[in-house]
Structure formats: structure tokens, C-alpha cells
2 protein chains.
Amino acid sequence: MLKLTKKADYGLIALKHLSLKAPEGSASAKEIAEAYRIPLPLLAKVLQKLARNGFLRSEHGTNGGYKLARDPRQINALEVIRSIDGPIILTSCFTDHGEPCDQTDHCNVREPLRKIHEGIQDLLASITIADMSEDNPDSRLYMIPTHSPARPTQGFRGEL
Amino acid sequence: MLKLTKKADYGLIALKHLSLKAPEGSASAKEIAEAYRIPLPLLAKVLQKLARNGFLRSEHGTNGGYKLARDPRQINALEVIRSIDGPIILTSCFTDHGEPCDQTDHCNVREPLRKIHEGIQDLLASITIADMSEDNPDSRLYMIPTHSPARPTQGFRGEL
DNA sequence: CTGAAATAGGACTCCTAAGGTCGTATATCG
DNA sequence: CGATATACGACCTTAGGAGTCCTATTTCAG
């Protein structure tokens, strides 16, 4: 249904939270979980995964927690989502690496879907954790495509 | 996991198939199902939904089938997907209509995610059934965003 | 040195929705 | 009348998302 998982959501929230404390600021899983009303054990898993994948550095023990391992301006949403949820698969025809599906020969939408797939990825890759500020004045994160903007059917927005 | 449902996939395939026969050409569900190895009863459901929503016109009986009810140049992917799967929900924070989630006050990624959400929708809305040709020379269906293209971390594509 | 607080991580449950099937009704043509 | 269509509701199965539980292990504070 083309939606993000909550885990990915939580991951982005946590990274954004940590970026506000950066550099060198840290926060525990508990602190973040309480701040955003996220179930602690679930968030912990997400943070552990982010740590394993090099986005965070963890510190055990009392006063431990997580801190960013990289510059928030160089962590983009695509990486984070992939790190947590695995590769993005728009349709089973192809993965991130463009592997063919079993019936490539008789499929008439493969190529256009691949373009959409890449478009979404480019979009996600263009947004960094640092960009994720409510008050970011540079709010045009994307460009409206330049050609053939099919006019939406009238009356559709109301029911869907 | 940010993927399209198979139903939406099937719907796009079917519409594309019919657009190749347009105008006035028709095809039965059986014909389409066999051409693309899609389970017939499932495809039938999808086609019925598309007919109910005004994309197709159906004809009963022998030599019956479906034909496009609208110009394929004015049917975009977003409409089709919404018609089949319901509204696109990137995250539960908001639907197509921007309804607020229950804990809007303490969420630091709402706004950027909304932008991504709209970006994806604009992308989908910009592609019509008619655009969906393998050999379409106008292959730049989207524009790379103009600012802060965070460089992807090296070595990531290999494992994800 | 003991206990509290933190991360690490495997195993498990619950539940929704995607994906698909079945059966039946209805319309149309030969 | 029967073959071939669409129409549609009810049902089944399964994968994966969402979350819990339990048990290490590390670190600091008293």
C-alpha cells in the first residue's frame, strides 16, 4: 500500500532527535521513547540496527545511550529506510539491483515502473536528516516533473 | 516496506494493455490474464473495480470484455493506484487529506515526511498510462531535486 | 563490589491485510 | 439453450508488520 513501516519512521525520528543534540550530544533509547511515545523495546531494536549499520555509536552502562556517528547533513532518508527495512521494492519485478522477475518477457509496465522506482529513491536520497526541520525555509524538497502533468480527474480527491 | 500491491500492479498492466488497443479496442479479462500470467479471478476483481471507478467500460456476454473509458493520456498512475488500493499512506501521521495523527505535538519529522509524501504523489500523478511505453524516448519522468543531494554512503548498495 | 541503568539480541505472540479461491448470479451472443 | 462474458460477495491462507518477553553483557554510581 506504499507506506513506510513504523520502524523506519521511528528510526528517522530518533536520528532527527539526535541530530538536534549533535555534535557529541547523546540520548538514551528511553529518553527518545518517552519523548515521542514510542514503545521502548521496539525503538531499542531500531536503534541497535542503526548502530550496527554505522549511523549511531552506542555506549553501554549508566549514562550510556546513542550518538550520531556521522554528520546529519550526510545521512539521507533512503539509507536509513533501507538500513531498517531492507531494500525498497516498488514491485517484485525488480529490487534495488534491478534483478529481473520470472516473466520479464511479457510485461508491459516494467520499464515505467522502474522509473517511478528510481524517482522515489532519488527523492528519498535527496533529503538528509539535517533537512528534516519543521522550520526549514528551503521547503521545495522536490521538483514537479516538467512534462505531461496529467490533470487529476475531478471529484476524485473527495472519495479517495 | 514501501511497495506497490500486486493488485495495483495488475491494474496498471491491464490499462496499459488496453491502451495499446485503443481507441475502441477491447480485451477480455481472460485474454489479459493469460497474456501476463495473472490469476484470472484476481484480475477480474481489479478490472471490476476499475470499471466501477470509471476507467473502463465493460461489456457482458460472448465477445464481451473491457475497453478504456478515458483517454490513456489523461489517466495517471496515482489515480489508478488510489482507485485500487485506496489512499496512499506514507505514514500514519496523515492521509491524502492531511489529517493529523494523535501525537502531532511531539513529532519532529512530520513536515518533512509530508513533503516526501507529496513528492511521491506528484511523481505518480505525472505519469500517464500513455507514458508507459518501454520505448518512450522521453524517459526523464522526474527531475532530480536541485539542492543538497546527499551523497550516498559508499559500500551501501552492495549489501542492501 | 554490588546494584541500577543502559545496550544487545534472540524467540515468541498477535493481528492485519495482501493475495488468492470458490460459488453463484446475470447479461449477451451464436 | 449453452457457451462465454462480467459482477460480486464470502471465504481461506499466509507473510510480515508491530510489539512483548527474557536473558545476556557492559558501565557507572554509591
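First the proteins, then the strands, lettered A, B, ... as listed; each starts at 1. In what follows, every heavy atom counts, from backbone to side chain, and hydrogens, waters and symmetry copies are set aside.
Put simply, CG on B/L2 is 16 Å from P on D/dG16, counting in whole angstrom units. The CG atom of B/N53 sits 12 Å away from the P atom of D/dA7 (whole-angstrom rounding). For the pair A/R37 CZ and D/dG19 P, the interatomic distance rounds to 15 Å; values are reported in whole Å. Atom CZ in B/R52 sits about 8 Å away from atom C1' in D/dC8, given to the nearest Å. What separates NZ of A/K45 from P of D/dC21 is a distance of 12 Å, to the nearest Å. Distance B/L43 CG to D/dA5 C1': 13 Å, rounded to the nearest Å. Between the CD atom of A/E59 and the P atom of D/dC28 there is a distance of 8 Å, given to the nearest Å. Atom CZ in B/R57 sits about 17 Å away from atom C1' in D/dA5, given to the nearest Å.
Counting heavy atoms from C-beta outward, A/I81 and A/L124 have side chains that approach closer than 4.5 Å. The shortest distance between side-chain heavy atoms of A/P72 and A/L15 does not fall below 4.5 Å. Counting heavy atoms from C-beta outward, A/L2 and A/L90 have side chains that approach closer than 4.5 Å.
Which of D/dT6, D/dC28, D/dG19 sits closest to the side chain of A/N63 comes down to D/dC28. The side chain of A/T5 lies closest to D/dG17 when the candidates are D/dT6, D/dG17, D/dT20. With D/dA3, D/dA18, D/dT26 as the choices, the nucleotide that has an atom nearest any side-chain atom of A/H60 turns out to be D/dT26.
Residues B/A44 and B/Y66 share a closest heavy-atom pair of O-OH, 4.3 Å.
Within 4.0 Å (heavy atoms only), B/A29 reaches sugar-phosphate atoms of the nucleic acid but no base atom. The residue A/K30 sits close only to the backbone: its heavy atoms come under 4.0 Å of sugar-phosphate atoms, none of a base.
Listed by first then second residue, pairs satisfying salt bridge (Lys or Arg N to Asp or Glu O under 4.0 Å) with a partner in residues 40-56 of chain B number zero, not counting sequence neighbours.
Extent of DNA chain C lying under 4.0 Å from chain B heavy atoms, first and last nucleotide in 5' to 3' order, is C/dG19 to C/dC29.
The side chain to side chain donor-acceptor pair (under 3.5 Å) check on B/T5 picks up B/D85, with sequence neighbours excluded.
Comparing B/A51 and A/L42 against DNA chain D, the residue whose closest nucleotide sits nearer the 5' end is B/A51.
Ion pair A/E118/A/K115 not flagged as a salt bridge, since none of the NZ, NE, NH1 or NH2 atoms sits closer than 4.0 Å to an Asp/Glu carboxylate oxygen.
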